[in-house]
Amino acid sequence: MDSRLQMIASHGLWGRTAPPPPPTTALSGSRDVDVVIVGAGYTGLSAALHLAEGGARVAVLEADQIGSGGSGRNVGLVNAGMWVMPDDLPTVLGSVHGDRLLDALGNGPRLVFDTVAKYGLECEARPNGTLHCAVGRSGLAELEKRAEQWQRRGAPVRVLSAAEAAARIGTGLYAGALLDERAGTIQPLAYARGLARVAQAAGAEIFTGSAVTGYAEDGSRWRVTTADGSVTADWIIVATNAYTTAPWPEIRREIVHLPYFNFATAPLSDAQRTRILPGGEGAWDTRSVLTSFRMDAAGRLVLGSVGALRNTGRAVHRAWARRALRRLFPEIADVPFEHEWYGWIGLTDTNLPRFHRLAPRVVTFCGYNGRGISPGTVFGRCLARLVLGQLTEDDLPLPLSEPTRHSFRGAHEAVYEYGAQAAHLVGVGY
């Protein structure tokens, strides 16, 4: 391990550089509101903001702290669409919902960056695009197919040649790259904390350290309990996604955990920053055990991949990260890593998110499959509009579905964690 490495809580670099969260307390006593939201990540906070602005009384219950789950641990790539190829969505979801989801999530980064601009959120937002980097000819063919499908829908995407990609990335290892001008990067924990701050300013109450212990019908309403208090509401929005625990185990049962880690270097020199990602795009490649990399505002390179920094994985992934840095960007091979952290991505068996009604007026979107920033923001607004009566369930970008148990979930999770270790143990660098 590099001698300068610092572990800042569980959020690494993001915990060190994000503005402080707004003041919150744990729930005590009883509250009566229109909507109780469980989870203070992107979905819950986006819903809280739009509900409060729509005149609803809102209480957010967060078991830990604002952005403590995936919203504070991810890479910070604000992507458009999903991993699934655009033409496949209408096949899986039907033409109405498939096209509706493509439109909603294709424009998702715009909603994120417009939200940042509207409220003046301090989160290092850079709408400079993303680069999906082609590993070999097969990777390039995949990107050409994806680009053609988005271009038919009018999206500003194009495939760069190997030379063009090398100039934008700072390495000649890739056969090309897909530039998506809709997308960009943010400081993810800062974005979550910013959403919380403006949701509070709009009138939403946010309670941290307030894990939900149960919920039950209270006449025609719901009563949600914590260790020290309760909230009675007409609606419950469950916005916990991959970090869901009781009392909604059906969500966790349909989601497979994919671990993902990040390392952040010390700030690079001005000369190095002019050669490595000089345009400020976020990047990742087409490998199944992928590599991602991006710069933060201070010029630190954030390098990530599949895996958990625990047990044997800690040493394996640290060694891989050093080799990957040397292979990708030899000129910064000896720049120390200063931060490391990891979290969980929630995968579904279709690699697409889900909309569930868990009980009357108890709703959730879940299963973001590694694309949480834009979908969380978009789906939070959708849920707010549903509760406010501005949309019906039939208007949503996903059809209503029942939670389904993911077969052999535990086995799949073990394969992802230890398979990533095996790939990084024998991998030649990236």
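Position 1 is the first residue of the sequence, and the numbers go up from there. Everything numeric here is computed off the predicted structure, so don't read it as measured data.
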task = Indicate whether the side chain of His257 and that of Arg252 have a donor and an acceptor atom separated by less than 3.5 Å.
result = yes
ask   = Under the salt bridge (Lys or Arg N to Asp or Glu O under 4.0 Å) criterion, do Glu340 and Arg314 qualify, and how do the steps go?
value = CA-CA 10 Å; Glu340 63 177 33; Arg314 188 181 296 272; 3.1 Å; yes
query = Less than 4.5 Å apart, any side-chain heavy atom of Ile276 and any of Met295?
reply = yes
inquiry  = Under the rule for ring-ring contact (aromatic ring centres under 6.0 Å, His included), what residues qualify as partners of His412, not counting sequence neighbours?
reply    = His406
message = Do Trp320 and Val316 have side chains that approach each other closer than 4.5 Å (heavy atoms only, starting at C-beta)?
response = no
inquiry  = Quick check against the 3.5 Å criterion: does Asp180 have a side-chain atom that pairs as donor or acceptor with the backbone of Arg182?
reply    = yes
ask   = Measuring from Leu45:CG to Gln200:CD, what's the distance to the nearest 0.5 Å?
value = 9.5 Å
message = As an exercise, state the distance from CG of Leu178 to NZ of Lys145, rounded to the nearest 0.5 Å.
response = 14.0 Å
query = Would you call Leu303 and Leu328 a side-chain contact if the rule is heavy atoms closer than 4.5 Å?
reply = yes
request  = Apply side chain to side chain contact (heavy atoms under 4.5 Å, CB included) to His97 and list each qualifying residue two or more places apart in sequence or on a separate chain.
outcome  = Leu93, Arg100, Pro399
inquiry  = Is any side-chain heavy atom of Thr24 closer than 4.5 Å to one of Phe207?
reply    = no
ask   = Taking everything shown except Arg110 itself, do over 12 heavy atoms lie less than 6.0 Å from its CZ?
value = no
query = Taking atom types as modelled and ignoring hydrogens, do the side chains of Asp114 and Tyr119 form a donor-acceptor contact shorter than 3.5 angstrom?
reply = no
ask   = Using a distance-only test with no angle check, is there a side-chain donor-acceptor pair under 3.5 angstrom linking Ser68 and Gln65?
value = no
query = Does any N or O in the side chain of Asn107 come within less than 3.5 Å of the main-chain N or O of Asp103, such that one atom is a donor and the other an acceptor?
reply = yes
Test item: side-chain donor near acceptor, His132 and Thr286, under 3.5 Å = no
ask   = If we only count heavy atoms from C-beta on, is the Tyr191 to Ser71 side-chain gap below 4.5 Å?
value = no
task = Using a 4.5 Å cut-off on heavy atoms from C-beta on, say whether the side chain of Phe329 contacts that of Leu268.
result = no
key: Side chain proximity check, Ser10 to Arg73, heavy atoms < 4.5 angstrom   = yes
query = Between OG of Ser138 and CD of Glu142, what distance do you get to the nearest 0.5 Å?
reply = 8.0 Å
query = Thinking salt bridges, do Arg168 and Glu164 make one under a 4.0 Å N-O criterion?
reply = no
message = Quick check for you: to the nearest 0.5 Å, what is the distance between Leu347 atom CG and Leu352 atom CG?
response = 11.5 Å
task = Start with the C-alpha distance between Val157 and Glu181, add both sets of side-chain angles, then the distance that settles side chain to side chain contact (heavy atoms under 4.5 Å, CB included), and finish with yes or no.
result = CA-CA 6 Å; Val157 303; Glu181 296 177 354; over 6 Å; no
query = Is it true that atom CZ of Arg405 has more than 12 heavy atoms of other residues, nucleotides or ligands lying nearer than 6.0 Å?
reply = no
task = Spell out, as yes or no, whether a donor-acceptor pair under 3.5 Å connects the side chain of Asn128 to the backbone of Gly279.
result = yes
message = Quick test of your reading of the model: are Asp349 and Arg354 salt-bridged, counting only N-O distances below 4.0 Å?
response = yes
query = Quick one: which of Phe263, Trp14, Phe261, Tyr260 gives a ring-ring contact (aromatic ring centres under 6.0 Å, His included) with Trp341?
reply = Trp14
request  = Flag yes if more than 12 heavy atoms outside Glu122 fall under 6.0 Å of its CD atom; otherwise flag no.
outcome  = no
Side-chain ion pair, Glu402 and Arg357, N-O less than 4.0 Å = no
query = If only atom types and distance count, is the side chain of Asp285 paired as donor or acceptor with the main-chain N or O of Thr291 below 3.5 Å?
reply = yes
message = A cation-pi test, strictly: NZ or CZ of Arg294 under 6.0 Å from the centre of the six-membered ring of Trp284 and no more than 45 degrees from its axis. Yes or no?
response = no
query = Okay, side chain of Arg371, backbone of Gly81: is any donor-acceptor separation there less than 3.5 Å?
reply = yes
ask   = Which heavy atom in Val116 sits nearest to a heavy atom in Ala125, and how many Å separate them?
value = CG1-CB, 3.8 Å
query = Has the side chain of Ser374 got a donor or acceptor atom that lies under 3.5 Å from a matching backbone atom of Asn79?
reply = yes
message = Determine whether a donor-acceptor pair (N or O, by modelled atom type, separation under 3.5 Å) exists between the side chain of Ser46 and the backbone of Thr43.
response = no
ask   = Do the side chain of Glu254 and the main chain of Thr404 share a donor and acceptor less than 3.5 angstrom apart?
value = yes
inquiry  = Could you check whether Gln421 and Thr312, counting side-chain N and O atoms only, form a donor-acceptor pair closer than 3.5 Å?
reply    = yes
query = Is Thr115 reaching over with its side chain to a backbone N or O of Phe113, donor-acceptor style, under 3.5 angstrom?
reply = no
ask   = For Asp87 and Arg152, what are the C-alpha separation, side-chain angles and deciding distance, and is it a salt bridge (Lys or Arg N to Asp or Glu O under 4.0 Å)?
value = CA-CA 10 Å; Asp87 282 1; Arg152 277 193 277 107; 2.5 Å; yes
task = Evaluate the ring-ring contact (aromatic ring centres under 6.0 Å, His included) criterion for residues Tyr368 and Phe379: first the C-alpha distance (whole Å), next the side-chain angles of each, then the deciding distance (0.1 Å), finally the verdict.
result = CA-CA 10 Å; Tyr368 292 170; Phe379 291 151; 5.7 Å; yes
key: Note, Ile237 side chain near Val38 side chain (heavy atom, < 4.5 Å)   = no
query = To the nearest 0.5 Å, how far apart are CZ in Arg275 and CG in Asp270?
reply = 10.5 Å
ask   = Among side-chain atoms of His424 and Ser305, is any donor-acceptor pair under 3.5 angstrom?
value = yes
query = Salt bridge or not for Arg385 and Glu393, using N-O below 4.0 Å?
reply = no
Thr17 and Gln187 side chains, donor-acceptor separation under 3.5 Å = yes
task = Might you work through the side chain to side chain contact (heavy atoms under 4.5 Å, CB included) test for Phe337 and Arg322, ending with a clear yes or no?
result = CA-CA 9 Å; Phe337 290 119; Arg322 179 52 58 191; 3.3 Å; yes
inquiry  = For a quick test of reading the model, state the closest non-hydrogen atom pair linking Ala104 to Pro397 and the distance between them.
reply    = CB-CB, 4.2 Å
inquiry  = Can a donor-acceptor pair be found, under 3.5 Å and without considering hydrogens, that links the side chain of Trp83 to the backbone of Asn369?
reply    = yes
message = Looking only at the side chains, is there a donor atom on one of Thr91 and Asp88 sitting less than 3.5 Å from an acceptor on the other?
response = no
task = May I have the step-by-step check of side chain to side chain contact (heavy atoms under 4.5 Å, CB included) for Phe355 and Val363, ending in yes or no?
result = CA-CA 7 Å; Phe355 168 63; Val363 290; 4.0 Å; yes
ask   = Passes side chain to side chain contact (heavy atoms under 4.5 Å, CB included), Ile37 versus Leu383? Steps please.
value = CA-CA 10 Å; Ile37 298 171; Leu383 290 171; over 6 Å; no
